[in-house]
Amino acid sequence: MKTKFVMASLALLAASGMASANDISIDAGVLPASPATPYSHLFVHDASAFTDTIDFVVSTGSLGASANALNVEFKGMNVFDIQGLSYSVWGGTSAASTAWYGTFPGNNITYDIGLNLPGAYHLVVTGVADGFAGGAYGVALVSGVPEPEMVVMMLAGLGLMGVVSRYKKPAKKAA
């Protein structure tokens, strides 16, 4: 049963849209704004250290990003394995970096990253592929859209501030 799972995993890796080599650079274009349909890509590397770059454009000032190593073990041997997977978010394209927005672990947690403005950004993904056949990881990106509850709370807060300032009593002048 385990052999069938490993063979199915390897077949899935071979059949899916993936990039294979070390130090890959891709242009993801404009990211979708729906969390239901994020931009996603599978990367496969030979056994060695790698640094990948993903250029993209966000239509909002927010980014949802997640990365996860896809480790495959067969009879106690690591077929695909990545150690130290992490990614950094930068403003501008990979050819012209501007602001750094942080470095995040590739641990399959989606991080909401507040960006300054809509526009061009890029990820720099690093790690060490040390499995028998190298390593594989997946990335998912979405141009963040504020939750409806957050928008309602922000509007309510602004309205409350307006009411308070309207009825605030003027300070008495000293005689």
Side-chain angles (χ1 to χ4, degrees), residues 8-46 48-72 80-129 131 134-158:
S9 297
L10 293 174
L12 178 64
L13 286 172
S16 64
M18 63 183 176
S20 177
N22 285 350
D23 297 341
I24 301 167
S25 293
I26 61 172
D27 185 351
V30 177
L31 296 183
S34 170
T37 57
Y39 167 82
S40 60
H41 197 84
L42 177 65
F43 295 83
V44 177
H45 287 283
D46 298 330
S48 68
F50 61 87
T51 301
D52 297 339
T53 305
I54 306 168
D55 286 314
F56 57 91
V57 174
V58 294
S59 56
T60 66
S62 182
L63 170 70
S66 178
N68 191 40
L70 306 171
N71 298 329
V72 177
F80 285 110
D81 192 27
I82 293 183
Q83 299 296 318
L85 182 66
S86 67
Y87 59 95
S88 298
V89 180
W90 292 86
T93 63
S94 57
S97 295
T98 55
W100 173 68
Y101 291 92
T103 300
F104 306 90
N107 57 3
N108 204 28
I109 294 175
T110 300
Y111 294 94
D112 293 322
I113 304 160
L115 306 174
N116 289 340
L117 298 167
Y121 295 88
H122 67 280
L123 292 183
V124 176
V125 184
T126 60
V128 177
Y137 73 93
V139 170
L141 304 170
V142 66
S143 181
V145 177
E147 296 292 327
E149 295 85 9
M150 293 297 292
V151 173
V152 169
M153 285 184 359
M154 182 181 69
L155 291 174
L158 288 172

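Any value given below was found using the heavy atoms of this structure, including those in side chains, with hydrogens, waters and symmetry copies removed. Each residue takes its place number in the sequence, starting with 1.
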Under 3.5 Å, side chain of [X] to main-chain N/O of [Y], donor-acceptor pair present?
| X | Y | result |
| --- | --- | --- |
| Asp52 | Ile24 | yes |
| Asn108 | Ser66 | no |
| Ser143 | Ser59 | yes |
| Asp23 | Thr51 | yes |

Are the side chains of [Y] and [X] in contact, using a 4.5 Å heavy-atom criterion?
| X | Y | result |
| --- | --- | --- |
| Leu31 | Val142 | no |
| Ser86 | Thr126 | yes |
| Tyr121 | Tyr101 | yes |
| Phe104 | Val89 | yes |

| field | Phe50 ring center near Tyr137 ring center (under 6.0 Å) | value | yes
Rounded to the nearest 0.5 Å, what separates atom [atom1] in [X] from atom [atom2] in [Y]?
| X | Y | atom1 | atom2 | value |
| --- | --- | --- | --- | --- |
| Asn68 | Leu42 | CG | CG | 11.0 Å |
| Thr60 | Leu115 | OG1 | CG | 7.5 Å |
| Ile82 | Phe43 | CD1 | CZ | 10.5 Å |

Indicate the atoms forming the closest heavy-atom contact of [X] with [Y], along with that distance.
| X | Y | result |
| --- | --- | --- |
| Tyr111 | Pro105 | OH-CG, 3.3 Å |
| Asp55 | Ser94 | OD1-N, 2.7 Å |
| Gly64 | Asp112 | CA-OD1, 4.1 Å |
| Leu85 | Ala69 | CD2-N, 3.5 Å |
| Thr98 | Gly92 | OG1-N, 3.6 Å |
| Gly134 | Ala129 | C-CB, 3.8 Å |

| query | Ile26 and Ile54: side chain to side chain contact (heavy atoms under 4.5 Å, CB included), yes or no, with the steps? | reply | CA-CA 5 Å; Ile26 61 172; Ile54 306 168; 4.0 Å; yes
